[in-house]
Protein chains: 2
Amino acid sequence: MTTLGYAILGLLSREDLSGYDLTQRMKGRVGYFWSARHSQIYPELARLEEGGYVTHSVVEQQERPDKKVYGITAEGLEALREWAVQPPVPKPTRDELVLKAYSVWLADQEEAARMFRGEESRHGEQLAHYEELRAWMEGEWGEDLANPESHRFATYATLRRGITYEMGAAEWCRWVADSIEGERSGEKEKQRGARS
Amino acid sequence: MTTLGYAILGLLSREDLSGYDLTQRMKGRVGYFWSARHSQIYPELARLEEGGYVTHSVVEQQERPDKKVYGITAEGLEALREWAVQPPVPKPTRDELVLKAYSVWLADQEEAARMFRGEESRHGEQLAHYEELRAWMEGEWGEDLANPESHRFATYATLRRGITYEMGAAEWCRWVADSIEGERSGEKEKQRGARS
DNA sequence: GTACCATATGTCAGAACTGACATAAAGGAT
DNA sequence: ATCCTTTATGTCAGTTCTGACATATGGTAC
């Protein structure tokens with residue numbers, strides 16, 4: 001079983017979905033911490049079905065093409081339950097923005113500051129979006145969020161990780177940009193004046 | 001040019017290194033935000049040389065096998081400078097631990113809490129290691145850290161991102177574990193007593 | 001009428017990466 | 001002697017993922 005397989009099972013444990021629906025979910029909420037294109041999802045569904053983790057039934061529709069709706073089996077649910085408590089195999093972090101920071105000392109300082117300000121915005125916007133979702137969940141799902149055996153608690157938990165992550169990323173970008181500009185507006189005042 | 005190519009150039013812009021040295025660096029400091037095995041590094045070095053970004057010279061050694069020491073070229077340095085200020089193409093986040101949290105509502109609560117406590121420790125230890133490095137850098141490199149055109153500033157900047165990341169991860173793991181155990185020691189007191 | 005869009009399901013070539021296999025020199029341990 | 005470890009460089013098969021190609025239905029916009 002691949003991790004993508006468990007991502008799909010995680011969605012199907014909440015509701016029955018078609019391959020197309022799964023693709024949409026992967027762009028939306030679940031896509032915040034796992035993502036996949038339909039070109040990965042359809043073959044994976046076939047493998048899951050072959051392994052007995054899911055089954056499908058064809059649903060005929062009038063106003064749009066027919067679809068295959070997948071549901072999780074008892075075996076699929078059991079596999080998911082067991083996988084969820086196994087410590088993940090530590091996978092190496094790969095963050096291209098941090099890699100760029102590693103070479104920022106060679107770069108044009110003005111362009112570098114602009115780039116990090118831009119990334120700060122990107123992460124800030126994602127954070128704002130998450131905070132909206134959080135407010136909505138806390139208002140709408142109130143009691144469920146205290147129950148770790150509710151799927152809503154689980155969804156909320158993943159959102160909280162997203163919030164911490166984006167906050168950390170945005171603050172770090174701001175610190176990098178400030179550090180670069182702090183230096184420029186200090187010792188390098190003359191060069192800056194000459195340029196503008 | 002691949003991202004791995006820029007990771008290698010980032011290291012070679014600081015000092016000349018052999019393929020073996022690069023592999024070691026990828027396990028250590030640089031490995032905190034980008035990593036690669038030697039099976040990726042040797043072919044990539046060949047491609048970089050073919051593209052004119054690096055050159056190598058063979059260094060003969062007595063007490064160990066001969067080695068190829070690579071150095072960055074002017075073209076390589078220029079490519080790196082330009083790449084460093086281009087906003088990264090947003091790549092989807094994939095965090096298996098968060099994916100597990102998404103299905104934690106189905107899991108055995110006791111095992112789940114244990115798993116998240118374990119992950120909290122792992123991140124906590126990595127954080128402690130980073131904090132040690134940070135103290136060392138701040139003591140040893142003091143003045144350089146205020147100069148964004150120093151490679152030491154760049155190294156320090158990446159370390160700071162690592163610290164924020166691990167802190168966020170560890171705190172989130174603790175929150176998840178607390179949430180699960182908070183519930184168990186409350187409403188489910190009886191079940192717990194029966195089990196132990 | 002035709003061009004585009006959302007829904008719906010699939011395949012395939014190529015890139016990036018992992019883990020195993022392969023070779024070799026020199027030193028240290030048993 | 002034999003084995004293990006470190007240094008050193010390489011290949012290769014298989015997995016995961018991306019981006020493009022491919023096809024089909026039915027509604028809406030021009």
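Only this structure's heavy atoms are used, side chains among them; waters, hydrogens and symmetry mates stay out.
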Task: Residue-phosphate contact under 4.0 Å: B:K68 side-chain N/O, D:dG10 OP1/OP2 - done: yes
TODO: Let me know the distance between CZ of A:R47 and P of D:dG14, rounded to the nearest Å.
DONE: 15 Å
- [ ] Give a yes/no on whether any side-chain N or O of A:Y20 is located under 4.0 angstrom from OP1 or OP2 of C:dT9.
- [x] no
Open item on the list: So, does A:Q40 get its side chain near the phosphate of D:dT18, meaning an N or O under 4.0 Å from OP1 or OP2?
Closed with: yes
Task: Atom-to-atom span, NZ of B:K27 to P of C:dT18 - whole angstrom - done: 13 Å
Open item on the list: I'd like to know if B:S39 reaches the base of D:dG10 with its side chain such that a donor and an acceptor end up less than 3.5 angstrom apart.
Closed with: no
Open item on the list: Considering every strand and a 4.0 Å limit on heavy-atom distances, what is the contact class for B:T2: base, sugar-phosphate, or nothing?
Closed with: sugar-phosphate
- [ ] Round to the nearest Å and state the distance from B:D66 atom CG to D:dT9 atom C1'.
- [x] 11 Å
- [ ] Could you pull out the closest heavy-atom pair between A:L145 and A:R152, with the gap in Å?
- [x] CD2-O, 3.7 Å
TODO: Could I get the full list of salt bridge (Lys or Arg N to Asp or Glu O under 4.0 Å) partners for A:R47, not counting sequence neighbours?
DONE: A:E44
Task: Short side-chain N/O contact to C:dT7 OP1/OP2 from A:Q61, under 4.0 Å - done: no
Task: B:M26 CE to C:dA16 P, straight-line distance once rounded to whole Å - done: 14 Å
Task: Distance test, side-chain N/O of A:S18 to OP1/OP2 of C:dT9, below 4.0 Å - done: yes
Task: Distance below 4.0 Å between A:R37 side-chain N/O and D:dG19 OP1 or OP2 - done: yes
Open item on the list: Considering every strand and a 4.0 Å limit on heavy-atom distances, what is the contact class for A:E63: base, sugar-phosphate, or nothing?
Closed with: sugar-phosphate
- [ ] For B:T23, answer base if it contacts any base atom (sugar-phosphate contacts may also be present), sugar-phosphate if it contacts only those atoms, and nothing otherwise; contact means non-hydrogen atoms under 4.0 Å.
- [x] nothing
Task: Value in whole Å for how far the P atom of C:dC17 lies from NE2 of B:H38 - done: 16 Å
TODO: Please figure out whether B:L4 or A:K67 has its closest DNA chain C nucleotide nearer the 5' end.
DONE: A:K67
TODO: Check whether any side-chain nitrogen or oxygen of B:R94 sits under 4.0 Å from OP1 or OP2 of D:dC17, and answer yes or no.
DONE: yes
Task: Between A:Y32 and A:Y130, ring centroids under 6.0 Å - done: yes
Task: NZ/NE/NH1/NH2 to OD/OE distance under 4.0 Å, A:E15 and A:R25 - done: yes
